[in-house]
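Below, each value reflects all heavy atoms present in this structure, side chains not excepted, and no hydrogens, waters or symmetry copies.
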Amino acid sequence: MGVILIKAYIQIDGINSFYSLGLHMYLMDIESINEDIEHTPVEGRSGTLTERKGTYPDRKLRFGFDLKRRSNESLESFYSRIFDVEEWIDNSIGKELICFTNCNFKYLIKSASKKTELTMHMCSIEIEFVCDPFRYLANEIPIVSNSGTNIFYLGTVPGECNIKIYGQGNVQLTINSNTIIINNINDYVELDSKLLECTDKDRLSKTRDMIGHFFVLTRGDNKISWVGNVSKIEILPRTAFK
């Protein structure tokens, strides 16, 4: 089962594997990701034609944990704790994972699978999480602006930002060279570049009132301006790293 790393942990939905569940980590494998590249043989040419796709595969995170039966703990209590761990894993889909190696970043879980080996005194659990390709800042908060502004984006891949526009009527919003027009705003609209959704305050689609392409932030300065009756905008950059 390897060497146990005391106090090594992951945290999902505010639940800490070591401090909340008593799990001792003995395995950690966080994959690197590489850009998708297609190599196509071409007749009469040496080597292949190489095309960079600009996309990345999902990232897999693997962890192994031991859960020890406590001194004088009943078998029923021990099994109950195992079930709590399994439920924690099963409920992790769609949530954020933070690893002790760098608490400044989080991973977004898409699926989870587990393998359990159990004795009367020890339970070993190996977990594989399939996550979004990129890491995101763990504690990012929206940037609020009442007038045109610049946002310096630190990510190493484009930021699929979330933007709330508070105002009335027809608004034209520009980030760098990309402009979106949204008509008939009542209180606010929300643009989600990751989900490709434009919704109103009631979470109803405003796509028919939108003209243009969803925004992404690029590394460095991003200039933001607008035309129309806007009281403020809130931008969550979703700063992402390879």
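The number of heavy atoms from other shown groups lying within 6.0 Å of CG (N139) does not exceed 12. A 6.0 Å sphere centred on CG of L75 holds more than 12 heavy atoms belonging to other residues, nucleotides or ligands. Enclosure of atom NZ in K60 is not indicated, since only 12 or fewer non-hydrogen atoms of other residues, nucleotides or ligands lie within 6.0 angstrom. At most 12 heavy atoms of other shown residues, nucleotides or ligands fall within 6.0 angstrom of atom CZ in R208.
I143 and I165 fall within a single hydrophobic cluster, where Ile, Leu, Val, Met, Phe, Trp and Tyr side chains are chained together by heavy-atom contacts under 4.5 Å. One hydrophobic cluster holds both I15 and F65 under the rule that ILVMFWY side chains link at heavy-atom gaps under 4.5 Å. Under the 4.5 Å side-chain contact rule for hydrophobic residues, L195 and V189 do not share a cluster. At a threshold of 4.5 Å between side-chain heavy atoms, the hydrophobic network of Ile, Leu, Val, Met, Phe, Trp and Tyr places I98 and L137 in two separate groups. Residues Y107 and Y136 fall into different hydrophobic clusters, defined by Ile, Leu, Val, Met, Phe, Trp and Tyr side chains chained together at heavy-atom separations under 4.5 Å.
Under the 3.5 Å distance criterion, the side-chain polar atoms of N146 are matched with a main-chain donor or acceptor of S231. For E35 (side chain) and G54 (main-chain N/O), a donor-acceptor pair under 3.5 Å exists by modelled atom type. Using modelled atom types, one side-chain atom of T119 and one backbone atom of H121 make a donor-acceptor pair closer than 3.5 Å. Between the side chain of Y153 and the main chain of N222, no donor-acceptor pair closer than 3.5 Å is present. No side-chain donor-acceptor contact under 3.5 Å links T239 to the backbone of L154. Using modelled atom types, one side-chain atom of R135 and one backbone atom of K242 make a donor-acceptor pair closer than 3.5 Å. Checked by atom type and distance alone, the side chain of S17 pairs as donor or acceptor with a backbone atom of I10 at under 3.5 Å. Panel note: side chain E31, backbone R59; no donor-acceptor pair is recorded below 3.5 Å. Under a 3.5 Å cut-off, the side chain of N91 and the backbone N or O of I89 do not form any donor-acceptor pair.
Note that the CZ atom of F18 and the NE2 atom of H24 stand 5.0 Å from one another [nearest 0.5 Å]. Atom CD1 of I180 is separated from atom CD1 of I175 by 7.5 Å, given to the nearest 0.5 angstrom. With rounding to the nearest 0.5 angstrom, the CG atom of N176 is 9.5 Å from the NZ atom of K223. For the atom pair CG of D200 and CD of E190, the computed distance is 10.5 Å after rounding to the nearest 0.5 Å. Summarising the geometry, atom OH belonging to Y188 is positioned 7.0 Å from atom OG1 belonging to T199; distances are rounded to the nearest 0.5 Å. Atom CD1 of I182 and atom OG1 of T207 lie 9.5 Å apart (nearest 0.5 Å).
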Problem - From CA spacing to verdict: side chain to side chain contact (heavy atoms under 4.5 Å, CB included), M28, I30 - result: CA-CA 7 Å; M28 180 182 67; I30 299 178; 4.3 Å; yes
Exercise for the section: With side chain to side chain contact (heavy atoms under 4.5 Å, CB included) as the test, would you mind laying out the steps for Y166 and V144 before giving the verdict? Expected result: CA-CA 11 Å; Y166 292 83; V144 180; over 6 Å; no
Problem - salt bridge (Lys or Arg N to Asp or Glu O under 4.0 Å) assessment of K194 paired with D132 - result: CA-CA 11 Å; K194 186 175 179 64; D132 277 4; 2.9 Å; yes
Problem - Full working for side chain to side chain contact (heavy atoms under 4.5 Å, CB included) between L108 and F134 - result: CA-CA 8 Å; L108 304 182; F134 308 123; over 6 Å; no
Exercise for the section: Mind running side chain to side chain contact (heavy atoms under 4.5 Å, CB included) on C131 and L61 for me, showing each step along the way? Expected result: CA-CA 8 Å; C131 300; L61 285 65; 3.9 Å; yes
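T116 approaches C123 most closely through the heavy-atom pair CG2-SG, 3.4 Å. The minimum heavy-atom distance linking G155 with R219 is given by the pair O-CD, 3.3 Å. For the pair D221 and F152, the tightest heavy-atom approach, listed with the atom from each and the gap, is OD1-CD1, 3.5 Å. Looking at every heavy atom in both residues, N34 comes nearest to P57 through O-CD, 3.1 Å. Nearest heavy atoms, K95 versus I12: CB-CG2, 4.1 Å. For the residue pair S225 and L173, the shortest heavy atom distance occurs at O-CD1, 3.4 Å.
Listed by first and then second residue, the ring-ring contact (aromatic ring centres under 6.0 Å, His included) pairs involving residues 211-242 are F105-F241 (not counting sequence neighbours).
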Scan the side chains in residues 79-87 for donor-acceptor partners under 3.5 Å anywhere in the protein, sequence neighbours excluded, and list what turns up.
from: R81; atom 1: NE; to: E73; atom 2: OE2; distance (Å): 2.9
from: R81; atom 1: NH2; to: K68; atom 2: O; distance (Å): 2.8
from: R81; atom 1: NH2; to: E73; atom 2: OE1; distance (Å): 2.9

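Using a 30° and 60° split on the angle between ring planes, F100 and Y9 fall in the tilted class, from 30° to 60°.
The closest side-chain heavy-atom distance from H39 to I37 is below 4.5 Å. Residues W88 and S20 have side chains not in contact (no heavy-atom distance under 4.5 Å, counting atoms from C-beta outward). Between Q172 and T179 there is a side-chain heavy-atom pair separated by less than 4.5 Å. Counting only heavy atoms from C-beta outward, the side chains of I185 and N170 never approach each other to under 4.5 Å.
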